[in-house]
Structures are given as C-alpha cells and as structure tokens.
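Single-structure report; data block below.
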Amino acid sequence: MTNPPSEPPPPTVDEPIAADTLPVRIAAAEAMRRLNHAMVAHETDPELLQRIAREANATAAIVEAGARRQRPIRQMKTQLWQTTPEEGQRLAHFEECMVSGRANPMGIAMQPRRQGDRIVADVNFGAAFEGAPKRAHGGAVAAVMDDIMGYVLLLTATPAFTGRLSISYRAPTPVQTDLVASAWMDRRDGRKVFLVGDLRTAEGDLIAEADALFVAIPRERLT
Ligand SMILES: CCCCCCCCCC(=O)SCCNC(=O)CCNC(=O)[C@H](O)C(C)(C)COP(=O)(O)OP(=O)(O)OC[C@H]1O[C@@H](n2cnc3c(N)ncnc32)[C@H](O)[C@@H]1OP(=O)(O)O
C-alpha cells in the first residue's frame, strides 16, 4: 500500500496586507490589543479567563490553518523608498510592525507622520507596557525611539539598520497617557547616519532623549 499523495502546502504570502482586508485586520488587531491591556489592568473571574483561553486557542487554530504570511520584503526594497512622505501623511513601513503597525495585535500602535524635516508620532503605552510601577518599560520607550528614527530615513530614501541607540530617561514615562515622540536627522557621515529624538508629554515636558547611529545599507540587504 502506498500513502496517498499529500497536498502541497499553500504558497507563503509575502505581499503587504491587501487593501480590502486591511481595515478588518486593523480592527481585529485593535480589539486584541484592547483585550491584552484589559487583562493586565482589570480583575477577571477565573471562569472568564478559562473562556478566554478556550476561545483564543480555538480561534488561533483556525488562523494557523491559513496560508503562512511573511514580511513584504519586496515592497520594502522598492515602493517604500520611491516616494517622499507628504507633510502630515500617516506613515507605516509595514502594518505588522511591533511599534507602529496598526495590524499588529501585540504592538504599541504608535502613529507617525511627517512634520517638515521631522517625524512626529502620537503614542500611548497601554497597561501591558508597564515596567517599573506606573512607568512604561524602558525597553518599550527604546523601541518607540528606534522605530520613529526608522521613519526619518524615509525622508532621504536611505535604508539603514540601527547600529547604536542610546536613551536618556529624564522622567518617568506614564502609561495610559497621550505622549508625543519626535525624531530627526542630526548629521550624516558617509554611510553613518546620526539621528536624534525625544519623547514628551502632550504639554511638551521632556520624558526621554535618544540619539542613534544608523548604518546605511543597499536595499538588497533588506532580506
Ligand atoms: C530599513 C527598514 C525600516 C524598518 C524598521 C525601522 C525601525 C527599526 C530599525 C531597526 O531596528 S534595525 C534592526 C536592529 N539593527 C540590526 O539588526 C543591525 C545589526 N548589525 C548589522 O547588520 C551590521 O552590523 C551593520 C549593518 C549595522 C553594519 O555592518 P556593515 O558591515 O554594513 O558596516 P561596517 O561594519 O562596514 O561599518 C560601516 C561604518 O559604520 C560603523 N558601524 C557599524 N556598525 C556599528 C555599530 N553597531 N556601532 C557603531 N558604529 C558602527 C563602522 O565602524 C564603520 O564606520 P567607519 O566607516 O567610520 O569605519
């Protein structure tokens, strides 16, 4: 007896999220982020927690049966660097980004936009990002500063990787509070791009300062 031929696995999808499914992906990710933060910030009956575990596992099994997705690298090598962002334009290097992607259910969902030579972003660390009591985790703050600096690179169409990132934590970063992150290019020396930025309250009080060295790379190295 021979085994029946097995079905070939479905091809891996490596395109950006299709425009017609983006709104529902974002809505699902938003709902999951809300639930994540709610679970950290609220008392919950054990029965409800058991229901959440059961339903989340059942839903995950259905999702995992779908075709695999991987990062849209082709798009990152091409379209991302072809047009300079317009003033005020909402930016996304990819919508699954853990810091600024609206379609990442575990993400910070920072919202960056262009403001002249700078990138400015609204950010609000939900309850699940608390580190020391009543403060956002310092690593989450560093992730925000790293990511927003990545957007500054779009202004000069310069693909680059973070080589060094330094954060000065000047004041506690409050959770569940609207904050503003900014970043801009300080100077460039060949492949070395020096970026700076800060995180402030909505009233403009300084919370953290960042400076970084990004090393420019040819697009082909975005693999
Ligand atoms: C682009 C898509 C945007 C999407 C998201 C953006 C936001 C998030 C950004 C990131 O998180 S990127 C991910 C985190 N970073 C990495 O994974 C980088 C890992 N490191 C590397 O891949 C390489 O080490 C690196 C590309 C940074 C440099 O390797 P190379 O072989 O291309 O460069 P090389 O070693 O020849 O160094 C070139 C110059 O940069 C300097 N340099 C390189 N790495 C450095 C480093 N780590 N610190 C300080 N200086 C560094 C190096 O000394 C040298 O200076 P000089 O020209 O003056 O001699």
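Whatever order the structure lists them in is the order used to number ligands and atoms, beginning at 1.
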Heavy atom of the protein closest to [atom] (residue, atom name, distance):
| atom | result |
| --- | --- |
| atom 4 (C) of ligand 1 | His93 ND1, 3.7 Å |
| atom 11 (O) of ligand 1 | Asp146 OD2, 2.9 Å |
| atom 15 (N) of ligand 1 | Thr162 O, 3.0 Å |
| atom 22 (O) of ligand 1 | Phe161 CD1, 3.8 Å |
| atom 26 (C) of ligand 1 | Arg221 NH2, 3.6 Å |
| atom 2 (C) of ligand 1 | Met76 CE, 3.7 Å |

Non-hydrogen atom of Cys97 closer than 4.0 Å to ligand 1: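 Not so, Cys97 does not reach ligand 1.
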Non-hydrogen atom of Met149 closer than 4.0 Å to ligand 1: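 Per 4.0 Å heavy-atom rule, Met149 does not contact ligand 1.
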Rounded to the nearest 0.5 Å, how far does [atom2] of [Y] lie from [atom1] of [X]?
| X | Y | atom1 | atom2 | answer |
| --- | --- | --- | --- | --- |
| Arg135 | Ile207 | CZ | CD1 | 11.5 Å |
| Thr156 | Met185 | OG1 | CE | 4.0 Å |
| Phe214 | Leu165 | CZ | CG | 7.0 Å |

Determine whether more than 12 heavy atoms belonging to other residues, nucleotides or ligands lie under 6.0 Å from atom NE2 of His137. no
Can a salt bridge be assigned to the pair [X] and [Y] using a cut-off of 4.0 Å between side-chain N and carboxylate O?
| X | Y | value |
| --- | --- | --- |
| Glu96 | Arg71 | no |
| Asp198 | Arg170 | no |
| Arg34 | Glu30 | no |

Which atoms of ligand 1 are found less than 4.0 Å from any heavy atom of [X]?
| X | answer |
| --- | --- |
| Asp147 | 7 (C) |
| Gly163 | 46 (C), 47 (N), 48 (N) |
| Ala160 | 1 (C) |
| Leu213 | 49 (C), 50 (N), 51 (C) |

Return yes when at least one protein heavy atom is under 4.0 Å from [atom], and no when none is.
| atom | result |
| --- | --- |
| atom 35 (O) of ligand 1 | no |
| atom 20 (N) of ligand 1 | no |
| atom 59 (O) of ligand 1 | no |
| atom 52 (C) of ligand 1 | no |

Please check this pair: side chain of Thr177 against backbone of Val175, looking for a donor-acceptor N/O pair closer than 3.5 Å. yes
In terms of its nearest heavy atom to atom 45 (C) of ligand 1, the top option of Leu153, Ile217, Asp189, Val215 is Val215
Name the option, out of Arg191, Arg164, Lys192, Met145, that contains the heavy atom nearest to atom 55 (O) of ligand 1. Lys192
Between Arg114 and the options Val120, Leu154, Thr84, Val152, the side-chain contact (heavy atoms from CB on, under 4.5 Å) test singles out Thr84
Pairing residues for Thr21 by the side chain to side chain donor-acceptor pair (under 3.5 Å) criterion, not counting sequence neighbours: none
Using the ring of Phe194 (Phe, Tyr or Trp, six-membered ring only), decide whether Arg188 places NZ or CZ under 6.0 Å from its centre and within 45 degrees of its axis. no
